[in-house]
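Below, each value reflects all heavy atoms present in this structure, side chains not excepted, and no hydrogens, waters or symmetry copies.
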Amino acid sequence: MIRTAVPADVPVIHAMIRELADYEKALHEARATEEQLREALFGERPAAFANIAEDDVTGEPVGFCIWFLNFSTWRGVHGIYLEDLYVRPEARGGGHGKALLRELARICVERGYERLEWSVLNWNEPSINFYKALGAAPQDEWTVYRLTDEALAKLGGGASATA
């Protein structure tokens, strides 16, 4: 049901990323191209990794996750940050999401990583309930901050930055 993604999966991963962005009401922000995904996942120095959930009967991809390594200075070891997890609506309830998370947890245990972390939108109650049922605990004391676009360019001294 779960396998490591291969380069031939890039088009379906790209399509599901766009489906996820649409579900999260942010399709206009999903600018990644297939070429960018291919380089990030399968280039000379991959920066991210992906797994595919397949339908048990047809073998067709019905979900995916993209993840990368992070590092805990307090624990002194790597962990996994789950960037995206998505299961197509028609396949939900079939255990694919849990299987994807189980695979990431297995990788953590096997490699001695001590954390598996991700973010979820506050309004996404179905996902929040799913994660809590697995034993995941929200980290309410932390607030995620992000620099993008003009603010990132300005801080980084890029061409768009003004003094």
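Ring orientation note: the planes of Trp123 and Tyr23 are tilted relative to one another, at an angle of 30° to 60°. A perpendicular orientation is assigned to the rings of Phe71 and His78, their planes being inclined by more than 60° (bins at 30° and 60°).
Remark: Asp22 does not engage Arg88 in a salt bridge, criterion side-chain N to carboxylate O under 4.0 Å. Using a cut-off of 4.0 Å between Lys/Arg side-chain N and Asp/Glu carboxylate O, Glu150 and Lys154 are scored as not salt-bridged. Between Arg3 and Asp9 there is a salt bridge, since at least one side-chain N of the basic residue sits less than 4.0 Å from a carboxylate O of the acidic one.
The 12-atom threshold is exceeded at CD of Glu141, counting heavy atoms of other residues, nucleotides or ligands nearer than 6.0 Å. Heavy atoms from other residues, nucleotides or ligands lying under 6.0 Å from CG of Asn129 number more than 12.
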Requested in this report: Take Tyr131 and Val120 through the side chain to side chain contact (heavy atoms under 4.5 Å, CB included) test and state the conclusion after the steps.
Outcome: CA-CA 9 Å; Tyr131 297 140; Val120 60; 4.0 Å; yes
**Report entry** Pair Lys98-Leu101, side chain to side chain contact (heavy atoms under 4.5 Å, CB included): steps then yes or no
**Finding:** CA-CA 5 Å; Lys98 186 174 183 179; Leu101 285 169; 5.8 Å; no
Report task. Could you please spell out the steps behind the side chain to side chain contact (heavy atoms under 4.5 Å, CB included) verdict for Cys65 and Asp84? Result -> CA-CA 5 Å; Cys65 67; Asp84 281 337; over 6 Å; no
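Across all non-hydrogen atoms, the minimal contact from Ala105 to Leu116 is N-CD2, 4.0 Å. Taking both residues in full, the closest heavy atoms of Ala30 and Arg18 are given as O-NH1, 3.0 Å, listed atom of the first, atom of the second, then distance. In terms of heavy atoms, Ile80 sits closest to Leu69 at CG1-CD2, 4.3 Å. Closest heavy-atom contact between Met1 and Gly94: CE-O, 4.3 Å. When every heavy atom of His96 is checked against every heavy atom of Glu54, the shortest pair comes out as CE1-O, 3.4 Å. Minimum interatomic distance between Gly97 and Val87 (heavy atoms only, all atoms of both residues): N-CG2, 3.6 Å.
For the residue pair Trp67/Asn51, the side-chain donor-acceptor check at 3.5 Å is satisfied.
Here CG of Leu37 is found 5.5 Å from CD1 of Ile66. Values are rounded to the nearest 0.5 Å. Atoms CZ and CG, on Phe130 and Asn124 in that order, are 11.5 Å from each other to the nearest 0.5 Å. Note: Phe64 CZ to Tyr86 OH = 8.5 Å, rounded to the nearest 0.5 Å. Going from atom CG of Leu82 over to atom CG of Asn70 covers 11.0 Å, rounded to the nearest 0.5 Å. Note: Ile52 CD1 to Leu100 CG = 8.5 Å, rounded to the nearest 0.5 Å. Residue Glu39 holds its CD atom at 9.0 Å from CZ of Arg45, rounded to the nearest 0.5 Å.
With sequence neighbours excluded, the residues forming a side-chain hydrogen bond (donor to acceptor under 3.5 Å, both in side chains) with Asp55 are Thr58, listed by chain and number.
Side chains of Pro11 and His14 form no contact here, defined as non-hydrogen atoms less than 4.5 Å apart. Side-chain contact between Leu41 and Pro46 is absent, with no heavy atoms from C-beta onward closer than 4.5 Å.
A donor-acceptor contact shorter than 3.5 Å is absent between the side chain of Arg38 and the backbone of Val10. Looking only at distances, a side-chain donor or acceptor of Gln36 sits under 3.5 Å from a matching main-chain atom of Thr33. With hydrogens and angles ignored, the 3.5 Å screen pairs no side-chain donor or acceptor of Glu117 with any backbone N or O of Arg115.
Cluster membership check: Phe42 shares its hydrophobic cluster with Ile17, using side-chain heavy-atom separations under 4.5 Å among Ile, Leu, Val, Met, Phe, Trp and Tyr. Tyr113 and Phe49 fall within the same hydrophobic cluster, where Ile, Leu, Val, Met, Phe, Trp and Tyr residues are linked whenever their side-chain heavy atoms come under 4.5 Å apart, directly or through other members. In terms of hydrophobic clustering, with Ile, Leu, Val, Met, Phe, Trp and Tyr side chains grouped at heavy-atom distances under 4.5 Å, Leu134 and Trp118 are assigned to a common cluster.
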